[in-house]
Amino acid sequence: VALFNCSTAQADSLFDLLIKTIKHVPATVPDTSAVVNTSGSTHRPHQGNRSKSTEPWMVSFSANLFSSLLMMPDYPSQGILFHFKNAIQEFAQYPFQTDTITKFSIFINAVKALSSFAQQSDWPLKVPYVDNNGDLYGHGADKKYQAELNRIGAFLIGEIDAELNGSSATSVALVIEYLRTLFLYCPINVPFVVKTCEKYIPTVVPKCTFKEKQQIRSLLNMARRELKSEDDSSQETMVANASYRKLMSIIPDTK
């Protein structure tokens with residue numbers, strides 16, 4: 001509401017307050033949802049008898065927060081993507097349960113948002129008469145802005161890697177989701193995307209079902225088609241194409 005009323009100062013204060021409350025979100029809250037009996041009637045359990053985790057809500061909240069921050073312009077005195085960086089730091093420090101994928105899912109949301117911050121065309125979310133960071137930084141043309149995006153990206157990838165490596169057995173489904181996010185939201189010829197594929201695909205292929213192997217092959221095929229369509233002869237693109245071709249060779253195309 002503050003942004004739509006062109007009150008960026010008020011919006012700035014509200015985002016700052018909202019992000020600072022992340023650390024205070026309780027791990028559980030009373031479950032007051034209605035229960036449907038077999039007879040079709042409903043009742044609400046006595047408050048305090050049941051509780052539910054707030055972590056699914058945190059994943060949804062992170063996606064909404066990151067999307068909203070796309071519309072919020074930076075204040076020069078605060079630095080580039082000040083609120084976005086503070087938000088991911090708060091989520092990184094939050095004591096999530098160790099047996100959930102909540103933190104992984106939140107940082108996947110952050111990677112998707114970062115790809116929008118890096119767009120060189122008009123951004124998908126914009127408030128009328130309010131400049132967003134795409135307007136302020138020339139839609140990615142500013143060198144300092146690009147460098148900051150790279151630093152944030154490196155931090156996010158490190159956090160996601162830590163989540164995957166911290167589990168007793170790297171989940172095939174999580175790796176596929178991770179690769180899909182990178183291929184859809186990041187340049188597929190950049191070294192960190194290629195190295196991520198080289199790191200995880202050989203590890204998870206032996207654990208994959210035939211369907212999961214086909215999903216990985218489809219992602220690699222998509223990446224190679226995109227590289228070919230770009231008609232880019234740079235060293236990065238040639239290295240990426242060779243790597244994806246080699247990775248495809250270790251995935252059998254039959255059961």
* Structure fact -> Between I22 and M58 the two heavy atoms that sit nearest each other are CG2-CE, 4.1 Å

* Where do F91 and L65 come nearest, in terms of heavy atoms and distance? -> CE1-CD2, 4.3 Å

* Report yes or no: does N109 contribute a side-chain atom to a donor-acceptor pair with the main-chain N or O of S62 at less than 3.5 Å? => no

* To do: Return the orientation label for the Y137 and Y145 ring planes: parallel under 30°, perpendicular over 60°, tilted otherwise.
  => parallel

* Counting only heavy atoms not in K20, do more than 12 fall under 6.0 Å of its NZ? -> no

* Structure fact -> Taking every heavy atom of L156 against every heavy atom of A110, the minimum-distance pair comes out as CD2-CB, 3.7 Å

* For the residue pair N221 and M248, what are the closest heavy atoms and their distance? -> OD1-CE, 3.2 Å

* Side-chain donor or acceptor of T237 paired with backbone N/O of S233 under 3.5 Å -> no

* Please answer whether the main-chain N or O of L219 pairs with a side-chain N or O of R180 as donor and acceptor at a distance below 3.5 Å. => no

* Asked: So with a 6.0 Å cut-off around NZ of K199, is the heavy-atom count from everything else above 12?
  -> yes

* Asked: Are F15 and F84 close enough that their ring centres sit under 6.0 Å apart?
  -> no

* **Step-by-step side chain to side chain donor-acceptor pair (under 3.5 Å) determination, Q97 to T102** => CA-CA 8 Å; Q97 296 180 28; T102 303; over 6 Å; no

* T54 (side chain) donor-acceptor with A27 (main chain) under 3.5 angstrom -> yes

* **Ionic contact status for E148 with R151, cut-off 4.0 Å** => yes

* Asked: Do the ring planes of Y94 and F96 sit parallel (below 30°), tilted (30 to 60°) or perpendicular (above 60°)?
  -> tilted

* Flag, side chain of K85 to backbone of I80, donor-acceptor distance under 3.5 Å -> yes

* To do: Please answer whether the main-chain N or O of P30 pairs with a side-chain N or O of R50 as donor and acceptor at a distance below 3.5 Å.
  => no

* In sequence, state the C-alpha distance, the side-chain angles, and the governing distance for Y185 and S116, and then conclude on side chain to side chain donor-acceptor pair (under 3.5 Å). => CA-CA 8 Å; Y185 293 94; S116 294; over 6 Å; no

* **Polar side-chain atom of T21 near backbone of L18 as donor-acceptor pair, under 3.5 Å** => yes

* Would you find a donor on one side and an acceptor on the other, under 3.5 Å apart, between the side chain of Y244 and the backbone of I188? -> yes

* Could you tell me which non-hydrogen atom of K103 sits nearest to which non-hydrogen atom of A92, and how far apart they are? => NZ-O, 3.1 Å

* Heavy-atom donor-acceptor pair, T209 side chain to E212 backbone, under 3.5 Å -> yes

